[in-house]
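Input: a single structure, listed below in structure tokens.
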Amino acid sequence: MKGHFFRALAGLLALFNLGICLAAAVLLFLGRISEGTYRTAFLLSSVAWFVFAILWTAGRKGTNAN
């Protein structure tokens, strides 16, 4: 149960950070944030997305490449 909870949490955090990436792009397009803020937000959220997506994938059972 403990592993399932952390895998689900990692998946939710990965999706959340992907949403931040998309929201930052939309906000830049609408002129709500500056380019510097966009770059910082996109950098941090994309790095977090990669980290949490890897953790989510590592928690799967039976990841044999057939």
Give a yes or no on whether Phe50 and Leu18 share a hydrophobic cluster (residues Ile, Leu, Val, Met, Phe, Trp, Tyr; joining criterion: side-chain heavy atoms under 4.5 Å apart). yes

Minimum-distance pair of heavy atoms, taken over all atoms of Ala10 and Leu55: CB-CB, 4.1 Å

Output for pair (Trp49 CH2, Phe42 CZ), nearest 0.5 Å, gives 10.0 Å

Quick one: closest heavy-atom pair of Ser46 and Cys21, and the distance? N-SG, 3.7 Å

Where at least one partner belongs to residues 9-34, residue pairs that pass side chain to side chain donor-acceptor pair (under 3.5 Å), sequence neighbours excluded: Ser34-Thr37

Return the CZ to CG distance between Phe52 and Leu15, rounded to the nearest 0.5 Å. 12.0 Å

To the closest 0.5 Å, what do you measure between CZ (Arg39) and CD1 (Ile33)? 12.0 Å

Between the CG atom in Leu13 and the CZ atom in Phe6, the distance rounded to the nearest 0.5 Å is 11.5 Å

Nearest 0.5 angstrom please: Leu27 CG to Ile20 CD1, how far? 11.0 Å

